[in-house]
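Only a predicted model underlies this, so the values are computations on that prediction, with no experimental measurement involved. Excluded from the calculations below are hydrogen atoms, water molecules and symmetry mates; all remaining heavy atoms, backbone and side chain alike, are included. Chain letters run A, B, ... following the sequence lines, proteins first and then strands; every chain starts at 1.
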Amino acid sequence: MSHISIHWFRKGLRLHDNPALMAALQGCVEIYPLFVLDPSEKLAGINSCRFLLGSLKDLDCSLQKLNSRLFQKWKVTRLTFESDTEPDSVDRDRRVEKLAKEHDVEVIQKVSHTLYDTERVIEKNNGKPPLTFNRLQTVLQAMGPPEKPVPSPSLEDMKSVQTTGWKKHEEEYGVPTFEELGKDPQSVGSELYPGGEQEALRRLDEHMKRTGWVCNFQKPETSPNALNPSTTVLSPYIRYGCLSARTFWWRLTDVYRGKKHSQPPVSLHGQLLWREFFYTASVGIPNFNRMKGNSVCVQVDWDSKPELLAAWREARTGFPFIDAIMTQLRQEGWIHHLARHAVACFLTRGDLWISWEEGQQVFEELLLDGDWALNAGNWQWLSASAFFHQYFRVYSPIAFGKKTDKHGEYIKKYLPILKKFPTEYIYEPWKAPRSIQERAGCIVGKDYPCPIVNHEVISKENIKRMKLAYSKRSPDPSESKGKVKGEKRKAVSVIDMLTKKKKAGPY
DNA sequence: CTTCAGGTTGGCCCT
DNA sequence: CAGGGCCAACCTGAA
């Protein structure tokens, strides 16, 4: 029992609740904590890039306290890492596992990115991912609460473990700088959400102290256009694994204990369950981040309109609420969930009739918390392509923001060109008389764009187009076969009975 | 097989 | 100004 282990960090950039890292330390004499900077990381947005580097520095710092460093290679007998469910990662890990076995390297994978093992959830739901939140809850309730987080490694755990000294560590294996990745530090705004486990745990502590707020938390009642985030903004930390979802879950359980508190789906526990919902769906539904070949996704004849897409992406739609949100997204890397609703509906079924896949790509670049499964799932939700189907419920780019920000303070913050507009016209500056535009120092059509669509007209047309898309949905081919051929249906029900055998028992 | 309730978070107009 | 009815009628999952 004298292993030389590599622990491969990918997501899960933390020491707490890291079962794969703990497995690496078991009976281990030497450990190489490793992070491989993917060249494709260069394509990520500048905010995400900074967050990742910050998280790596923090991790390196914590490892040094344990007399270790981020590292590479040598006479390795064991490789450990956290399971990852994204299709490309699954592919990569399968190849790595094969390679490792060829070299007699033991491979240990642990589930610690999600609350539950998504494969098991799908199994418990008869091989299909739950397609409604209620269904997911029913399945999870039968499985019991999520596993408790494992403790962080201590100096005690490290006492018989060493990392070979490496003189040129910093030059050869140190965490690179922003510039080394070809990014311009001048082009990024102030760092509102610094990466790293320490900051994640600090933020968690800070919010968990607000017991009343935590117990009363109801997501739909938080504000999309608050000047300071009305929610925790722990999502970037959970996305990179700086914070364990299970740690968050159990901390909430501690706060809730003995108190009256809100419930899923709107509670903070509920927010973690929504994450679980989309993770599970993404594992069980092939081609989850695309329309074509995606069995749950309505096939819509989205238009290709590069100039409108660019206007949306670059905050030039002429709708201040939309443009302010897109500005915050680009500058800060985070926007409120309901703000995402507003801009996503606007891009897709509401106004521009542009594919949700385009929006998905923009969010992936700009969001610090751009999580593959959640991004794909929520874009399908908001575009009424899957999970949500009431496509006639269209967010108004004018009225929606007014509910929580009557005076348009949020708009004035992110679109300072409009800051002198009177409240009356802040959501619809094109309606202001010329004299008022002049007094505000902002002429619509010159200093700020005219609206690129007529929302009242286009949203009604789009509802009709959605209706058409839904009516064209082809019935499931296996079902229609069943209807034509009685035999086929019998076969299906036999399989059904076998899979439900256990449940049928007590009857 | 059919039926039916419910679906995290809408908008608008009316009282 | 809070709350109800209407819009137009979708889907999933349970019974």
Interatomic distance where [atom1] belongs to [X] and [atom2] belongs to [N] [whole Å]:
X      : N      : atom1 : atom2 : result
A/Y470 : C/dA8  : OH    : P     : 17 Å
A/N462 : C/dC7  : CG    : P     : 21 Å
A/K467 : C/dA8  : NZ    : P     : 9 Å
A/K464 : C/dC10 : NZ    : P     : 16 Å

Taking [Y]'s backbone N and O only, do any of them form a donor-acceptor pair with [X]'s side chain (distance below 3.5 Å, no angle check)?
X      : Y      : answer
A/H455 : A/S396 : no
A/D58  : A/E199 : no
A/D84  : A/S89  : no
A/R349 : A/A344 : no

Under 3.5 Å, which donor-acceptor pairs link side chains of residues 415-430 of chain A to any protein atom two or more places apart or in another chain?
{"from": "A/Y427", "atom 1": "OH", "to": "A/G401", "atom 2": "O", "distance (Å)": "3.2"}
{"from": "A/Y427", "atom 1": "OH", "to": "A/D405", "atom 2": "O", "distance (Å)": "2.6"}
{"from": "A/E428", "atom 1": "OE2", "to": "A/K431", "atom 2": "NZ", "distance (Å)": "2.8"}

inquiry  = With a 3.5 Å limit on both atom pairs, tell me what C/dC10 is paired to, counting Watson-Crick and G-U wobble, or say none.
reply    = B/dG7
ask   = In the strands shown, is B/dT15 matched to any nucleotide by a Watson-Crick or G-U wobble pair with both distances under 3.5 Å, and which?
value = C/dA2
ask   = What pairs with A/F51 under ring pair (Phe, Tyr, Trp, His ring centres under 6.0 Å), at least two apart in sequence or on another chain?
value = A/Y237, A/Y240
Whole-Å [atom1] distance, [N] and [M]:
N      : M      : atom1 : value
C/dA9  : B/dG7  : C1'   : 13 Å
C/dT12 : B/dC1  : P     : 16 Å
C/dC1  : B/dC12 : C1'   : 15 Å

inquiry  = Base contacts versus sugar-phosphate-only contacts with protein, heavy atoms under 4.0 Å: please encode nucleotides 3-15 of chain B as B, S and - from 5' to 3'.
reply    = ----BBBBSS---
